[in-house]
There are 2 protein chains.
Amino acid sequence: MTRERKFSTQELFKATNSLLLRYGYEGFTFSLLAESLDVSRAAIYKYYTNKEELIIDYMVYEMTKMLIDLQEIDQSATFIAQLNELITLIFTYKDIHQILGMVHQFKESSSTIIMEKKEQLGKLHLDMYRYLEGLMIQGKKDKFLRETLSNDVILGCIFQSIAIPNHRGIPEHEWIQSIKDVVCYGIFETK
Amino acid sequence: MTRERKFSTQELFKATNSLLLRYGYEGFTFSLLAESLDVSRAAIYKYYTNKEELIIDYMVYEMTKMLIDLQEIDQSATFIAQLNELITLIFTYKDIHQILGMVHQFKESSSTIIMEKKEQLGKLHLDMYRYLEGLMIQGKKDKFLRETLSNDVILGCIFQSIAIPNHRGIPEHEWIQSIKDVVCYGIFETK
DNA sequence: AAACAAAATAACACTAGTGTAACTTTATTA
DNA sequence: TAATAAAGTTACACTAGTGTTATTTTGTTT
């Protein structure tokens, strides 16, 4: 006994994603969102009482999804194969990494529910970090990764690499290959 | 015959910088700026009629300064020495690179003066790119840089590397060394 | 010390986003 | 087909930022 919804949570999240990337955290408003979904602003308030709750919910949703995909990488495969899959995966989730950085712009005085979700997000992030750190340790043990580099630098480098701007619009597959290449072998000619 | 100013352009730019980084483009307001400088909001309007003009002026100022510093790098030095200086330089200007990305959040309908400054900024950017591209070409000719990598990928990699988050708070000099290391030699052990 | 001009402020009208309450629409089910 | 309940809209009061104008402050010059 219920009326059909004009917009799904998926559509809400999708619009949230693109508006956040386009206008930034403070530039993102329920007015813009309502316009983009072609519904009244009040309709959105039925599901989320403010933008922080919506955004953090979206972040948790994406991070959970990413973590599931991450854990589906075949751990019995070679290190090289796993690293390849990892970089491709991070690349497909690059939007969320940019958006994740907006948490620090949230108002200090947040409700309990938001503080809880923030903690949950922190846990997801830690889970991801632990998983990746494990992979790095394996990579070092197997003599693929340089022992002298800290895991922070290696992982930081991988995560930043996806944000290198593709100004010339190189086709995605080719571009990812280039990125993997520099990250793995660096910019120097090996003597 | 003039009253002493309560705030210098330097102070204005410094406050603009830190507020932009803290609150983002839309979160940055003249109210926050006035509070931060301990002056009335209207005092700022005497110098800039809106935040876009202030921000773009700040961007042009920083980019000009960076370009001057860049051109002071000794072109007769070895490629390695020049690259070293370049990365250190980009590192000292890392704030402005983050802020520069906010131009795409400016309102579409901007005044003539802003359009002009945007163009000027574009020219400065192009000048910088040309200079850096020259350095990359030299690096390839001298067999330091890998011929197979495009200049876009190499430069993109260098510019992104400065944004790798230093979560553990490694001392700056040590951190920069690590960054240079990964960028130049990659994450892989050389077989 | 009177005139002046730049610097700064106070105060106003205006705009846009926020969150809520009362109301209407729509589909289900009893 | 009348009751019901979720979905959606309209309308209101509230808040915060914007840009401008009139006025005051402050230091210099003649």
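For the residue pair B:Asp69 and B:Tyr93, a side-chain donor N or O sits within less than 3.5 Å of a side-chain acceptor on the partner. Residues A:Ser150 and A:Asp152 have side chains that never bring a donor and an acceptor to within less than 3.5 angstrom of each other.
Going from atom CD of A:Glu26 over to atom C1' of D:dA16 covers 11 Å, rounded to whole Å. With rounding to whole Å, A:Tyr23 atom OH is found 11 Å from C:dG17 atom P. In this structure, the CG atom of A:Leu33 is 15 Å from the C1' atom of C:dG19, given to the nearest Å. Across the protein-nucleic acid pair, B:Arg41 atom CZ and D:dT21 atom P stand 14 Å apart, rounded to whole Å. A:Ile44 places its CD1 atom 13 Å from the P atom of C:dG17, with the value rounded to the nearest Å. Distance B:Arg3 CZ to C:dC4 C1': 14 Å, rounded to the nearest Å. Spacing between atom CG of B:Asn50 and atom P of C:dT15 amounts to 17 Å, rounded to whole angstrom units. The separation between A:Lys107 atom NZ and D:dT15 atom P is 16 Å, rounded to whole Å.
Ranking D:dG17, C:dA8, C:dT9 by closeness to the B:Thr29 side chain, first place goes to D:dG17. Set against D:dT18, C:dA8, D:dT9, the side chain of B:Tyr47 has C:dA8 as its closest nucleotide. Distance from the side chain of A:Ser31 is smallest to C:dG17 among D:dG19, D:dG8, C:dG17. Here the side chain of A:Ala43 is nearest to one of D:dT9, C:dA7, D:dA7, namely D:dT9. Nearest nucleotide to the side chain of A:Val39, out of D:dT9, D:dA7, C:dT18: D:dT9. Here C:dG19 is the nucleotide among C:dG19, C:dA8, D:dT10 with the atom lying nearest to any side-chain atom of A:Tyr45.
Not a single donor-acceptor contact under 3.5 angstrom links the side-chain atoms of A:Arg5 to the base of D:dG8. At a cut-off of 3.5 angstrom, counting only N and O atoms as typed in the model, there is a donor on one side and an acceptor on the other between the side-chain of B:Lys46 and the base of C:dA8.
Both tests pass for B:Arg5 against the ring of B:Tyr47: distance under 6.0 Å to the centre and angle within 45° of the axis. Annotation: cation-pi geometry satisfied between B:Lys51 and B:Tyr25 (NZ/CZ under 6.0 angstrom from ring centroid, within 45° of ring axis).
A continuous path of ILVMFWY side-chain contacts below 4.5 Å connects B:Ile99 to A:Leu21, so both sit in one hydrophobic cluster.
In terms of phosphate contacts, A:Lys6 brings a side-chain nitrogen or oxygen within less than 4.0 Å of OP1 or OP2 of D:dT9.
Using a 4.0 Å heavy-atom cutoff across all strands shown, B:Phe28 reaches no nucleic acid atom at all.
Nearest-nucleotide mapping onto DNA chain D: of B:Glu4 and B:Thr49, the residue sitting toward the 5' end is B:Thr49.
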